[in-house]
Amino acid sequence: MSFGYFNYWVFIILLMIGLYTVMSRTNLVKKMIGLSLFQISVFLFYISMGKITGGTAPIVVETVAGAAPPIYSNPLPHVLILTAIVVGIATTALGLSLVVRIKEAFGTIDEEDILEMEDNA
Amino acid sequence: MLLLIAGTMTVLVVRNLFVATMLLGIVSFTMALIFVSLDAVDVAFTEAAVGAGVSTVLYIGTLAMVGSQEKERTKFAAGPLAICLAVGAVLYYATYQMPPYGHAANPVNMHVAPRYIEDSPTEIGVPNMVTSVLASYRGYDTFGETTVIFTAGIGVMLILRQRRRRKEDGKKEEKSPLNKPGDGSLTGLGSQHDLVPHVVAKLLIPFILMFALYVQFHGDYGPGGGFQAGVIFAAGIILYALVFSLEHARAVINEKTILFMMALGVLIYGGVGLTSILLGGAFLDYNLLAHDPVHGQHLGILLVELGVGITVTAAMLAIFYAFVGRADAIAEQMD
């Protein structure tokens, strides 16, 4: 029974790692990677919720007459996550391009160094 | 699953950003496999193409410009760790209130999903429910998301494409401390002498593009659709640009075409919506597009997916071109 939550626990662990990476690392690219991990963990959570044991992918299959109708997993989370992934990469790209500009402006992508330079300026 | 945890832990620990990026790709790919086992084939498709393909390329593109070594740091971040553990503990506690995994009677599966599952085959006539929900029932959402991608593409272009302003001579030689090791030209990847990648890429690229088109137009029946097809198509062209050179890729599709395509995709989507208004229905009401509603739905979904596919392809390419173009500009300045 308790094993039934396994997916959720993995989600939590991934989420914690992602969050910790974002908060503790000062390198901006590393922060973006942490954000991606965070995102992936949320995807896992949604998809796990939509899964139905013994179900199949939500694509209509022809059934043999008399056989039990197939159980489909929930298509809704799939749709949400599908678009979220693509939007996620688009926003990640935006973030990375900002990182590149920061590198050009400050010569570093380390948060602490940047703050120091700001203070000195 | 355990592989995932191990992978992410290493991402956290590894100092070299290049290695971390590669590991992120592996984590994404593992995640895609897990999605398949969770019946989410469409999602797995996207995750494999995006997470393991395009995003890795983008990260590496960034690293080529910013250098890949993380600063050595000994300070132990206790505050964030505490917060993380607290969040984790709260969430862990919350899982005990969650309905058990995989039951058909869970609240998530009780609300609108049964209607989608039961009625979409007759209402929409498209076997792949994910496609019908994506493009028809939740057409507004998807329109919004397409626009987000469009905006992000434009944003990246604007941020990265500006020519670096040559400050009048006085400041010119400061040239911000970019000439550290790690800066490099990405076109260098298209080496003239690497025979094996050239041959393999030549063989593969036509199939990748074909496959993308198949995914695009077969999205109604099997897993697939505009988002996936767009990403795969873009990946094919990115591969071409990486193995040969950016100039070759620009010769195939130049930036003006991409800009045009990005807008075209959103316009197709919006146009379908407006057409249905003009025909006397609501926005994105496909039933009116043809004589009988099911045909109308087919047509509407096909067109909308086409719009999505075009926008996604163009936006991904725009982002990629912007990154690579930037890297080249920097490399030229160093010479």
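Residue numbers begin at 1 in each chain, while the letters A, B, ... track the order of the sequences.
- Within the 4.5 angstrom heavy-atom criterion, only side-chain atoms of B/V87, from C-beta onward, approach chain A.
- Residue with the most contacts toward chain A among B/V148, B/V308, B/T62: B/T62 (heavy-atom pairs, distance under 4.5 Å).
- Comparing B/L91, B/T21, B/T142, B/V231 by how many heavy-atom pairs each has under 4.5 Å with chain A, the most go to B/L91.
- Atoms CG and CD1, from A/L96 and B/I319 in turn, are 9.5 Å apart once rounded to the nearest 0.5 Å.
- Expressed to the nearest 0.5 Å, how far CZ of B/F35 lies from CG of B/D42 amounts to 12.0 Å.
- Annotation: side chain of A/T83 is not in contact with side chain of B/D141 (no heavy-atom distance under 4.5 Å).
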Listed pairs under 3.5 Å, donor-acceptor, residues 32-43 of chain A side chains, sequence neighbours left out:
unit_1: A/S36; atom_1: OG; unit_2: A/M32; atom_2: O; d: 3.3
unit_1: A/S36; atom_1: OG; unit_2: B/Y59; atom_2: OH; d: 2.8
unit_1: A/S41; atom_1: OG; unit_2: A/F38; atom_2: O; d: 2.6

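- Looking at A/L15, only its side chain comes within 4.5 Å of chain B, counting heavy atoms on both sides.
- Proximity of A/I81 to B/E47: side-chain heavy atoms (C-beta onward) are nowhere separated by under 4.5 Å.
- Looking only at heavy-atom pairs under 4.5 Å with chain A, the residue among B/L85, B/V43, B/V54, B/I83 that has the most is B/V43.
- For B/T151, no part lies under 4.5 angstrom from a heavy atom of chain A.
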